[in-house]
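Throughout, residue positions are numbered sequentially from 1 according to the sequence presented. These numbers were taken from a predicted model, which means no experiment stands behind them.
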Amino acid sequence: MRSLPTIPFERSSLLEVPEAYRELRAEKGIAKVRTPAGDEVWLVSGYEDARALFNDGRLGRSHPDPDNAPRLSGSPLLGGPRGDVATEKAEHDRMRRLFMPAFSARRMKRLSGHVGTLVDERLEHLAKLTPPADLHAELSFPLPVLVICQLLGVPFEDREYFSGLSYRMGDMRDRERAQAAMDEMSAYTAGLIECKRHEPAEDVLSDLAKELDDDGTIAELAGSLLFAGHETTVNRIDFGVLLLLANPGQLGLLRADPGLAQGAVEEILRLASPSLHGLARYAHEDIEIGGLTIRRGEAVVITPGAANRDERIYPDPDAFDLRRPLTDPHLSFGYGPRFCIGASLARVELEAVFSRLFQRLPTLRLAVPERELPRTEGRIADGYAELPVTW
């Protein structure tokens, strides 16, 4: 077995991206590395390379020989191949056509007022507590759960059940546990879609029920959307609070002008890297890029968190600058045909939070040093189990 560096590289703070990514990018561009599963893959940590490969139709989630595919991890959700090479593109295009209306400008505009009300309610509740309080438990975690329930049409009383399923889906240490949670989530969403056929409402699952016959793939994707629609936003709220508190000058600008929340959110999305495990893609045919050849069947791991700090694209890339020009959009939501359909929802939620949080609680600060915050472990995305704050 060749001696190769193993990803993800360790970091002392979750707010950082290890210098090893930058060094490897400068030395080799796209580089061979080893995954936690022990397999060799191509690591993509440069902005232009990542954008080009996101946009390359010769890469996919499926693998020509899935039983022998290199794996990123034991996670059944993101650790290895999914789908079939022969049908992946057609299925991907079909799914986007079905789900894109759920995130239309009209629907997001209608939802934004509701999200703002939810944020106000959570902040009023938080302000009445005796500090210190856990911002993660009081805001970061419940808000995205409430929003995704509203959007998809998940019964409010089921929120703890599906949150528990989502948590188990993100387990990287116990593959069987995570797979069982994925299967249960698919069955749960299939049941919801069936109910919506008889009792439709103004929500995404009702829209799907009108359009489709029984379709296990749709239920599986809807379950994944439930997972992604709250898990990633929870982390981004936590990381955003910490990034602003770590940059008091920028926080001062936001306090003085909450209209800068949009710029703050884009910097949070660019700099916050809950996951450095990357996104695994597989070559369906040989690909020439950067003077090397990625062979059919080889794995490519695109790491947006590292690409978003490419010094060739972003001057002073580790600096938090809420007035940074958006000439080169970050890759946190992917790019091109692989651009995340839920990006607009995440932005609605984050802008609602960061336009209000430090207005309602202007003296908000950590109750313990960042290095002492308890972290989640064994997850697809790194995060904080608690975020104790005072004011």
Side-chain angles (χ1 to χ4, degrees), residues 50-51 54-55 92-120 122 139-154 166 189 201-208 211 218 221-240 258-275 279 304-305 308 322 324-357 381:
R51 195 159 74 164
F54 269 130
N55 208 32
H92 176 262
D93 292 346
R94 172 175 172 256
M95 293 300 170
R96 289 188 76 85
R97 285 195 302 272
L98 287 169
F99 278 90
M100 283 298 287
F103 300 95
S104 66
R106 178 180 62 84
R107 197 166 222 154
M108 289 302 102
K109 184 176 181 180
R110 189 169 70 234
L111 187 66
S112 63
H114 176 64
V115 174
T117 298
L118 289 175
V119 173
D120 288 336
R122 297 309 306 173
L139 176 66
S140 307
F141 182 80
L143 176 69
V145 172
L146 292 168
V147 172
I148 202 68
C149 282
Q150 172 79 14
L151 179 67
L152 267 70
V154 175
S166 178
T189 50
E202 286 291 320
D203 55 56
V204 173
L205 294 182
S206 292
D207 292 347
L208 294 175
E211 297 291 331
I218 293 295
L221 186 58
S224 296
L225 189 62
L226 272 173
F227 169 82
H230 89 279
E231 181 97 355
T232 55
T233 307
V234 168
N235 284 327
R236 289 293 174 28
I237 294 172
D238 285 343
F239 279 57
L260 293 172
Q262 181 182 3
V265 165
E266 294 310 311
E267 275 293 84
I268 290 166
L269 289 167
R270 185 181 72 85
L271 288 172
S273 301
S275 176
L279 302 170
N308 285 340
L322 53 79
R324 187 183 294 275
L326 300 178
T327 50
D328 293 293
H330 59 76
L331 301 178
S332 297
F333 295 123
Y335 183 76
R338 297 292 179 177
F339 188 78
C340 175
I341 60 173
S344 55
L345 175 63
R347 286 186 166 111
V348 163
E349 294 181 62
L350 293 171
E351 287 180 29
V353 168
F354 290 106
S355 63
R356 291 168 169 80
L357 175 59

Contact summary for [X] and [Y], nearest pair of heavy atoms:
{"X": "Met108", "Y": "Ser344", "value": "CG-OG, 3.6 Å"}
{"X": "Ser332", "Y": "Arg236", "value": "CB-NH2, 4.1 Å"}
{"X": "Ile237", "Y": "Phe354", "value": "O-CZ, 3.7 Å"}
{"X": "Ala381", "Y": "Ser275", "value": "CA-CB, 4.0 Å"}
{"X": "Pro258", "Y": "Ser355", "value": "CB-O, 3.5 Å"}

Atom pair [atom1] ([X]) and [atom2] ([Y]), whose distance is rounded to the nearest 0.5 Å:
{"X": "Ser140", "Y": "Arg122", "atom1": "OG", "atom2": "CZ", "result": "10.5 Å"}
{"X": "Tyr335", "Y": "Asn55", "atom1": "OH", "atom2": "CG", "result": "6.0 Å"}
{"X": "Leu205", "Y": "Leu152", "atom1": "CG", "atom2": "CG", "result": "4.5 Å"}
{"X": "Leu143", "Y": "Ile148", "atom1": "CG", "atom2": "CD1", "result": "11.0 Å"}
{"X": "Gln150", "Y": "Glu202", "atom1": "CD", "atom2": "CD", "result": "10.5 Å"}
{"X": "Leu345", "Y": "Thr233", "atom1": "CG", "atom2": "OG1", "result": "6.5 Å"}

What side-chain hydrogen bond (donor to acceptor under 3.5 Å, both in side chains) pairs are there with at least one residue in residues 261-271, not counting sequence neighbours? Glu266-His330, Glu266-Arg347, Glu267-Arg270, Glu267-Arg324
Test log, rule side-chain contact (heavy atoms from CB on, under 4.5 Å), inputs Leu271 and Phe239: CA-CA 9 Å; Leu271 288 172; Phe239 279 57; over 6 Å; no
Does the side chain of [X] reach to within under 4.5 Å of the side chain of [Y], using non-hydrogen atoms?
{"X": "Leu269", "Y": "Phe333", "value": "yes"}
{"X": "Phe99", "Y": "Leu208", "value": "yes"}
{"X": "Ser166", "Y": "Val145", "value": "no"}

With sequence neighbours left out, what residues match Asp120 under salt bridge (charged side-chain N to carboxylate O under 4.0 Å, His left out)? Arg356
Just by distance, do the side chain of Ser112 and the backbone of Val348 share a donor-acceptor pair under 3.5 Å? no
Just jot down the side-chain contact (heavy atoms from CB on, under 4.5 Å) partners of [X], sequence neighbours excluded, or say none.
{"X": "Ser206", "result": "Lys196, Pro200, Ala201, Asp203"}
{"X": "Ala50", "result": "Val44, Ile302, Ala307, Leu331"}
{"X": "Leu279", "result": "Phe54, Arg281, Pro304"}
{"X": "Ser104", "result": "Arg106, Arg107"}

Worked check of side chain to side chain donor-acceptor pair (under 3.5 Å) between Ser273 and Asn308: CA-CA 9 Å; Ser273 301; Asn308 285 340; 5.9 Å; no
Begin from the C-alpha positions of His92 and Arg338 and carry the test side-chain contact (heavy atoms from CB on, under 4.5 Å) through to its verdict. CA-CA 9 Å; His92 176 262; Arg338 297 292 179 177; 3.4 Å; yes
Test side-chain contact (heavy atoms from CB on, under 4.5 Å) on Leu151 and Phe103 and set out the steps. CA-CA 9 Å; Leu151 179 67; Phe103 300 95; 3.6 Å; yes
